[in-house]
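All remarks here apply to the structure that follows.
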Amino acid sequence: MNVYSNHRACAEIIALGTAISRGERDFECIVAVGGDHSDMIYSPCGNCRQFILEYAPDCEIIVSTEEGAKKIKITDLIPYAYYRSE
């Protein structure tokens, strides 16, 4: 059980949802920064990863690693993802 989960809307979902509602459909890259340290990079939570995969499957995500910031394809960030059958 994830006792740190807060189950509220994250920045990634709000940003993509707003862009999609305004007609945007092509997303190249996304990064979440902020909090007490405005230069801190946050990795997307599981819900955000699934949302990005569904609405921006070609998008890259900037994440923080031990070697510094790195771009990763969303498909690599969420392996064995859930896909709806059409």
Going by heavy atoms in the side chains, are [X] and [Y] under 4.5 Å from each other?
X: Cys10; Y: Cys45; value: yes
X: Leu16; Y: Tyr55; value: no
X: Ile78; Y: Gln50; value: yes
X: Cys29; Y: Lys71; value: yes
X: Arg25; Y: Ile20; value: yes

Looking at Thr18, is its backbone amide N or carbonyl O close enough to the side chain of Ser21 to form a donor-acceptor pair, meaning the two atoms are under 3.5 Å apart?
yes
Do you reckon Ile30 sits in the same ILVMFWY cluster as Ile72, going by side-chain contacts under 4.5 Å, direct or chained?
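Same cluster.
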Minimum-distance pair of heavy atoms, taken over all atoms of [X] and [Y]:
X: Phe27; Y: Ala56; answer: CD1-CB, 3.7 Å
X: Tyr42; Y: Gly34; answer: CE1-O, 3.2 Å
X: Ser64; Y: Ile41; answer: N-CG2, 3.9 Å
X: Glu12; Y: Ala32; answer: OE2-CB, 3.4 Å

Under 6.0 Å from the CG atom of Asp26, do we count more than 12 heavy atoms belonging to anything else shown?
no
Evaluate Ile61 against Val31 for side chain to side chain contact (heavy atoms under 4.5 Å, CB included), listing each step before the verdict.
CA-CA 6 Å; Ile61 313 301; Val31 62; over 6 Å; no
As an exercise, state the distance from CG of Asp58 to OG1 of Thr75, rounded to the nearest 0.5 Å.
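Separation between the atoms: 8.5 Å.
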Just do the side chain to side chain contact (heavy atoms under 4.5 Å, CB included) check on Arg49 and Ile74 with the steps written out, would you?
CA-CA 7 Å; Arg49 292 173 190 211; Ile74 187 61; 4.2 Å; yes
